[in-house]
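Counting convention: from 1, in listed order, for ligands and their atoms alike.
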Amino acid sequence: MADFDVVVLGSGPGGQKAAIAAAKLGKNVAIVEKRHMIGGVCINTGTIPSKTLREAVLYLTGLNQRELYGASYRVKEEITVADLGMRTQHVIGREIQVIRSQLARNKVAVLQGTGRFLDAHTIGVVHEEGKETKVTAEKIVIATGTSPARPASVEFDDRTVIDSDAILHLDRVPETLVVVGAGVIGIEYASMFAALGTKVTVIERRERMLEFCDLEIVEALKYHLRDLAVTFRFGENVAAVERRPGGALTLLESGKKIPADCVMYSAGRQGKTAELCLEAAGLTADDRGRISVDGDYATEVPHIYAVGDVIGFPALAATSMEQGRLAAQHACGEPVGDMDDLPPIGIYTIPEISFVGKSEDELTRDKVPFEVGISRYRELARGQIIGDSYGMLKLLVSPEDRRLLGVHVFGTGATELVHIGQTVMGCGGTVDYLVNAVFNYPTLAESYKVAALDAMNKMRVVARLTAGM
Ligand SMILES: Cc1cc2nc3c(=O)[nH]c(=O)nc-3n(C[C@H](O)[C@H](O)[C@H](O)COP(=O)(O)OP(=O)(O)OC[C@H]3O[C@@H](n4cnc5c(N)ncnc54)[C@H](O)[C@@H]3O)c2cc1C
């Protein structure tokens, strides 16, 4: 008899949902987690702190109110890291309590320490004082996540040259900031600091950023960020970062030298598998620390599963949770469905971006015809009321069967609004549903109806001309 039916390594979104799903199926479950990390990267250093920081920035700077009250409007003149940190710490504290309470209610044992495999069914839990406890399990779920990748050539000091973990512990809001890497995390932080008044320079090796997003929306984001004094250096490589008294010099291969108070590297993430002693269980990880799994999230050792960021793309809290639930159900012999193949993407830049389904570029590449329906917030009463004149919603509609092929939203509430489109798409709905539906007024959701009518009108013109031929 094993000590537990299921042992989960890591209490981030993937681990939590795996543990709770197994407990709901009546299993005896334990979760192994290091001290001070309940909730994982999601709660402690990633999603929740960054999204709370964004909310604090938007509130304190009054940025979203300036269209109505003027360019000088601010809630607080001098915004300090204490102002920002207060809200972040409050939310983190509350979220940790919620998770602890959910685990306790579901009778999931929390074993504090670093887990490692001793064999394929035995986990050693190394406590802070170095003592090791052994636990055995029928099934094991690895949900140990990732940490920021740190290029060996760069000397990080957590003050001047930092990664996305250390940015939460700066002792002051920098006047100038270099962000290396224009991925989601890099651009989210670039936009938050730009909103605070920091002069930000973004350096990106590729010629474009957020290539998986709608091009028109990325262009709109770039325009907004430039308006907040962000400088983009695309197609540039960092040759070296030199720490100097009072700041750092970023030297580019092109010969440019960029001075800044602080340099944040956002250069991808590394799977946290080094401490796991995977070989003791007959497992391996790739050079980025990732573990490969099959469609049920089982590793090559069938009773050991892996979920969340440690298995790689898409590496989101949203998808990690669902992978955890599905893996636990499979491990416990419960019938499972597949994860819906319409995952939404939310990017919490300022302004925010969200989409579901295909982009114009993808459809064009695949030779799938589509019509575009657009609604601009400035033509919606709600857009005027909230002072958002730049927001837009774009529907990509199939002229053949009128199904929605993609929904792309930019501006206030984008990450919430996208779910209306996701639901219509997921239920096989067509643009006709949106044309005929009555939406609350005045809302931003009304943009779906406006965009649907726009697409219908364009399709009608094509149909008329085609019929007349
Ligand atoms: C700055 C930032 C912003 C983000 N924003 C978003 C967002 O807006 N939306 C979104 O969906 N996603 C976002 N993400 C991604 C999201 O945080 C991750 O996808 C999610 O946290 C992954 O969950 P996980 O369960 O795989 O692992 P994690 O949350 O990384 O948790 C893994 C846990 O395992 C523990 N662990 C590791 N090794 C061991 C061991 N040997 N023994 C015991 N415990 C161990 C760690 O201490 C950690 O607590 C963001 C990430 C970052 C960094």
Side-chain angles (χ1 to χ4, degrees), residues 7-19 30-55 88 95-96 99 110-117 123-128 132 135 140-149 162-168 179 181 183-190 192 264 266-278 285 289-291 293 297 305-325 327 343-349 352-354 415:
V7 166
V8 179
L9 296 168
S11 69
Q16 271 162 54
K17 300 301 171 198
I31 200 163
V32 183
E33 179 55 87
K34 300 176 182 185
R35 226 157 85 87
H36 307 307
M37 272 307 276
I38 279 280
V41 161
C42 176
I43 302 294
N44 295 281
T45 55
T47 316
I48 296 303
S50 64
K51 264 77 266 184
T52 313
L53 186 69
R54 179 183 186 275
E55 216 53 47
T88 309
E95 281 289 283
I96 289 174
I99 293 165
V110 178
L111 311 177
Q112 217 164 276
T114 303
R116 62 179 188 133
F117 283 97
I123 299 292
V125 182
V126 184
H127 306 280
E128 243 176 34
E132 184 163 13
V135 287
I140 295 169
V141 181
I142 304 171
T144 49
T146 54
S147 49
I162 60 174
D163 60 25
S164 66
D165 284 359
I167 202 152
L168 298 165
V179 174
V184 174
I185 294 173
I187 286 296
E188 285 186 356
Y189 277 120
M192 283 183 238
M264 185 189 91
S266 177
R269 301 186 60 92
Q270 181 76 19
K272 269 200 212 149
T273 42
E275 294 171 321
L276 282 178
C277 301
L278 288 175
R290 292 171 304 199
I291 299 174
V293 291
Y297 305 103
Y305 292 73
V307 298
D309 284 13
V310 78
I311 65 169
F313 183 82
L316 292 169
T319 44
S320 301
M321 292 184 210
E322 193 52 7
Q323 291 168 356
R325 186 181 72 83
I345 300 290
I347 303 176
Y348 293 83
T349 39
E352 70 192 54
I353 295 175
S354 196
T415 51

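At a 4.0 Å cut-off, at least one heavy atom of G113 sits close enough to ligand 1 to count as contact. At least one heavy atom of L276 sits under 4.0 Å from some atom of ligand 1. Note on ligand 1: R269 sits in its first shell, one or more heavy atoms being nearer than 4.0 Å.
Here V41 has heavy atoms under 4.0 Å from ligand 1 in both its backbone and its side chain. Within the 4.0 Å heavy-atom criterion, both parts of A317, backbone and side chain, lie near ligand 1.
The nearest protein atom to atom 42 (N) of ligand 1, hydrogens excluded, is given as G115 N, 2.8 Å; this is a heavy-atom distance. Here the protein heavy atom with the shortest distance to atom 44 (N) of ligand 1 is V32 O, 3.6 Å. Protein heavy atom at the shortest distance from atom 14 (N) of ligand 1 is T47 OG1, 3.2 Å. Taking atom 34 (O) of ligand 1 as the reference point, the nearest protein heavy-atom neighbour is G10 CA, 3.2 Å.
Numbered from 1 in the order shown, with element, the atoms of ligand 1 that lie under 4.0 Å from a heavy atom of K51 read 3 (C), 4 (C), 5 (N), 6 (C), 7 (C), 8 (O). When each atom of ligand 1 is checked for a heavy atom of G308 under 4.0 Å away, the hits are 26 (O).
K34 pairs in a side-chain hydrogen bond (donor to acceptor under 3.5 Å, both in side chains) with only one of the listed residues (E128, E275, H127), which is E275.
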